[in-house]
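Here the structure is a predicted model, which means the values were calculated and not measured. Atoms within each ligand, like the ligands themselves, are counted from 1 in listed order.
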Amino acid sequence: ACSRKNARKAALHPLWQSPLTIPGGTRQSPINIQWRDSVYDPFLKPLKISYDPTTCLHIWNNGYSFLVEFDDSADRSTIVGGPLENQYRLKQFHFHWGAINDWGSEHTVDSKFYPAELHLVHWNAVEYPSFEEAVMEGNGLAVIGVFLKLGARHEGLQTLVDALPAVRHKDAVIEFDDFDPSCLIPSCPDYWTYAGSLTTPPLTESVTWIIKKKPIEVDENQLEAFRTLLFTSDGEEERRMVDNFRPLQPLMNRTVRSSFR
Ligand SMILES: Cc1ccnc(S(N)(=O)=O)n1
Ligand SMILES: [Zn+2]
């Protein structure tokens, strides 16, 4: 009984105060992508990304990450094609990163961690009336994952980095407009795709993941800027926002498909 109690306690990850694995979960994220086990699917289409920079609304610190949110009241910033059967609307994007450059991404490739990972979250507005409803459906969401690696300074990311001091604390928000997040997506069309879940609460199994094979390059100063953010609200004892990634989840009965040979 004692060991089972400890095991249960251990399963509550400090960051999310919720079970690390969802009881009964069969399609949880993130996962390790074993390149040689992925299966080329010639029927996968190219992903078509059409973002309108004027739909960008604000940046805010939600206590897990910083997110840039978009006006998703119409089909103005959308993706279609790839593994998707419908058009999906961009709702927000955010990042996950480590305290140091050796880790930080949520997905890994052949067990390699990247220092950070970008998630662009979209919802199926063809079949569902709202993001909140889509979150509960198996084909409700589509998230594009982009790995960040240490290298040259990323000019597009810098406009975001320059705004971070204004959202240092949890619940801080600032207006942010005229930003086109396609500048953060590699031009190489290659991606992996698999059926998974959200990696932060509510952890629902509603995500078609589209993980870009090529990373984008960012420099040390830009990664360090992420690490100056706080999990804590103004006035609370400061806790640096780092290591906001979920541990790897079991692949179970899933195949990762690739859009490339
Ligand atoms: C919108 C949202 C909520 C929770 N988790 C995620 S994530 N990290 O799976 O993209 N996105
Ligand atoms: Zn995420």
Can you find an N/O atom of W209 closer than 3.5 Å to an N/O atom of ligand 1? no
Mutual orientation of the aromatic rings belonging to F95 and F93 [parallel < 30°, tilted 30-60°, perpendicular > 60°]: perpendicular
The criterion is side-chain hydrogen bond (donor to acceptor under 3.5 Å, both in side chains); which residues satisfy it with S130, sequence neighbours excluded? none
Are side-chain N/O atoms of E220 and N101 paired as donor and acceptor at under 3.5 Å? yes
To the Zn ion (ligand 2), the closest N, O or S atom belonging to H96 is NE2
Looking only at heavy atoms of R246, does any of them come nearer than 4.0 Å to an atom of ligand 1? no
Got a donor-acceptor contact below 3.5 angstrom from the R227 side chain to the G98 backbone? yes
A student checking ligand 1 against Q92 at a 4.0 Å heavy-atom cut-off should list atoms 1 (C)
Candidate with minimal heavy-atom separation from atom 11 (N) of ligand 1, of T199, L198, L67: L198
How are the rings of F147 and Y114 set relative to one another: parallel (under 30°), tilted (30 to 60°) or perpendicular (over 60°)? parallel
Side-chain contact test, heavy atoms from C-beta onward, threshold under 4.5 Å: evaluate it for I31 versus W209 and give yes or no. no
Give me the residue, atom name and distance of the protein heavy atom closest to atom 10 (O) of ligand 1. H94 CE1, 3.2 Å
Flag T200 as yes when one of its N or O atoms lies below 3.5 Å from any N or O atom of ligand 1, and as no otherwise. yes
Positive for side chain to side chain donor-acceptor pair (under 3.5 Å) with D190, one of K213, K214, R261: K213
H96 touching ligand 1 at heavy-atom level, < 4.0 angstrom: yes
Using a 4.0 Å cutoff against the non-hydrogen atoms of V121, which atoms of ligand 1 qualify? 1 (C), 10 (O), 11 (N)
Atom name in H119, limited to N/O/S, at shortest distance from the Zn ion (ligand 2): ND1
